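Some notes on the structure that comes next.
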Amino acid sequence: MEAARTDAPPAGQAAPPDDLPDFDPRLYEAALPRPEPLSAESFLPVLPPAQFAALLDDLRGELSLIPDEATRAALHSRARLLALNVEQYRVNHEQARSALTRVLAETGVGVRSSWERQQEHLSFMNAASGGVERDYEAATAAIEQARARRFEALVSVGARPDTTGAENLYTQQAVMTLAREGHAIRPPEQKSGSKRVFNAFAVFSKFFVGVISGVSINLLFNPESRLYLTLIALTAGVMFSVLLLWLVDELAYRAKLAPGTPGMAHPRAYTAGILAVTALYLGVEGFLNWDGILRVTAEIAANAAQQGQLTDLSAAPEPDAAPQHWSLLTFTLALVGMAAAAALIQGRERARSVLERERLAARVADLKAQGTLESAARAADHVTYLERARDRLAPPRDVTSPDHARLNERVLNHWEQERDSQVQSVSARLLGEAQGVQATLEDFAAQVQAARFPPPRRGLRALLG
């Protein structure tokens, strides 16, 4: 009872029939409309000869009712002539029908062959598209199965279920093993806003300190402030600053990489080079700024004395005494020290990122060599391969189909124009003859009626008659 109750369909729903017909995709394929066979009668816009003959027979039967013998004889003669005209019209009608049948048969061969070629091409494209659609559905089902297998494989090795490739899987496992060993991989600098700001400041500091050096050189060697000498001094100061700070950056980078890289010097050598370059930079900047401060102070004092603004010359500082603008020198040296420290940090950070990438690549290579994650990596990459194979599915292209379609269209137009022109010429001739026969019969009918029912005579004519 329980099994019967379980297998029964829910209440309010009909059980699906077991004898459903198989799905036939050909029933849903697009097809061209099939042209119906043409008959000659559909292109004859005239009455058949039998109707004209029946009308003539009716009129001839009324001739016996005409009282006047002369008129009756004349109308009998004309009726015989009209019978010949109707017979000639019948002969022409049969010839026209035969000619139209021949024209339709000749042109129908070309029209039907063109339609058949179009239908064959359309059937080919429908079959190709249907095959591609079935292959696409099969590929989609295979991708879903591969995704399920990938999920099971990733969960079994402790990886994230959203891992999409073997390289991501190995990288993820390598980062996990390095973290367990205490070698954490920090995020790249591009993902940190503070790092980007610091790098921008470090680059700006090189040029800013270089401009300060150029101004000091200009004050030292260009007392007349000539333009070309000013440009040369600024350029020399920027080049000097950028070169020395780049040396600090490169030496810090090499000092960080030296312990684990064969063929490089001892880290102490690079550290000594950093100290020497920094000391040279600070010494040159200090001398240039000190001399510039002395010159500016002397010029200010001379200008003030010339303008009579100094009231107590005894209060003026002696030439050999230290200038009162030593704070400017301290500030300049602090800026130079900050720029050198920024270059040092940049070099060490660049070396750290390189070391971390190398350590991560080495751990990934070890995991690939061990082979413990081979099945999970294959399952992770299998989905991508199946998706790419599904994207490559496309119906086979018939490269000549546009040419064939245009050729069929030209051939079809040719046969249709040929059929229309010949049909119109034959129909026009027969239509003119039918209209002439009809007009003659109408005139004959009017004469018969006039002979049967002559107009009554009135007045003097009636008395004389």
Side-chain angles (χ1 to χ4, degrees), residues 21-56 84-137 393-442:
D22 296 335
F23 174 74
D24 188 4
R26 291 176 297 178
L27 298 177
Y28 299 92
E29 291 180 352
L32 292 172
R34 297 183 180 276
E36 297 295 335
L38 301 177
S39 61
E41 284 74 10
S42 60
F43 293 95
L44 292 175
V46 293
L47 292 175
Q51 295 189 11
F52 290 112
L55 176 60
L56 182 59
L84 294 177
N85 292 338
V86 171
E87 183 63 21
Q88 183 64 40
Y89 171 71
R90 186 187 65 79
V91 173
N92 294 337
H93 186 276
E94 290 297 327
Q95 289 182 353
R97 191 172 65 82
S98 301
L100 288 177
T101 303
R102 178 181 56 80
V103 168
L104 294 177
E106 291 177 353
T107 58
V109 174
V111 172
R112 284 192 299 273
S113 61
S114 299
W115 280 97
E116 288 175 359
R117 284 193 296 268
Q118 294 284 10
Q119 185 64 43
E120 290 176 358
H121 176 66
L122 184 60
S123 300
F124 165 75
M125 295 306 296
N126 287 338
S129 300
V132 170
E133 184 176 359
R134 288 189 291 272
D135 295 342
Y136 191 89
E137 292 177 355
L393 288 176
R397 296 181 179 271
D398 185 4
V399 295
T400 60
S401 59
D403 297 335
H404 286 173
R406 286 191 290 268
L407 178 60
N408 288 335
E409 185 177 359
R410 288 196 298 268
V411 172
L412 182 62
N413 291 336
H414 165 73
W415 286 115
E416 288 181 347
Q417 291 175 3
E418 185 70 18
R419 179 190 63 192
D420 294 342
S421 62
Q422 296 188 24
V423 165
Q424 287 177 3
S425 62
V426 174
S427 300
R429 290 195 302 268
L430 188 62
L431 180 61
E433 185 176 357
Q435 289 176 351
V437 172
Q438 183 177 355
T440 305
L441 289 176
E442 290 177 355

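If you read the sequence from its start, that first residue is 1, and numbering goes on from there. Quick caveat: nothing in here was measured; it's all calculated off a predicted structure. These values consider heavy atoms only, across backbone and side chains, with no hydrogens, waters or symmetry-generated copies.
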Between the side chains of Arg112 and Glu116, is the shortest nitrogen-to-carboxylate-oxygen separation below 4.0 Å, so that they form an ion pair?
no

Side chain Ser421, main chain Glu418, donor-acceptor under 3.5 Å
yes

Heavy-atom closest pair (Glu106 atom, Trp415 atom, distance to 0.1 Å) is O-CZ3, 3.9 Å

Salt bridge between Arg134 and Glu137, side-chain N to carboxylate O under 4.0 Å?
no

Nearest atoms (heavy-atom pairs only) where Phe43 meets Pro45:
O-CD, 3.3 Å

Minimum heavy-atom distance Asn85-Val437, with the two atoms named:
O-CG2, 4.4 Å

Could you state the interatomic distance from CG (Leu104) to CZ (Arg419), rounded to the nearest 0.5 Å?
7.0 Å

Got a second to check how far Tyr89's OH is from Thr440's OG1, nearest 0.5 Å?
12.5 Å

Would you compute the distance between atom CG of Asn92 and atom CD of Gln95 and round it to the nearest 0.5 angstrom?
5.5 Å

To the nearest 0.5 Å, what is the distance between CD on Gln435 and CG on Leu430?
10.0 Å

Looking only at heavy atoms, the pair that brings Val86 and Pro49 closest together is CG1-O, 4.2 Å

Distance-minimising heavy-atom pair for Leu100 and Ser427:
CD1-OG, 4.4 Å

Single hit among His93, Glu94, Gln88, Glu87 for side-chain hydrogen bond (donor to acceptor under 3.5 Å, both in side chains) with Arg90
Glu87

CD of Gln438 to CG of Leu55: how many Å apart, nearest 0.5 Å?
9.0 Å

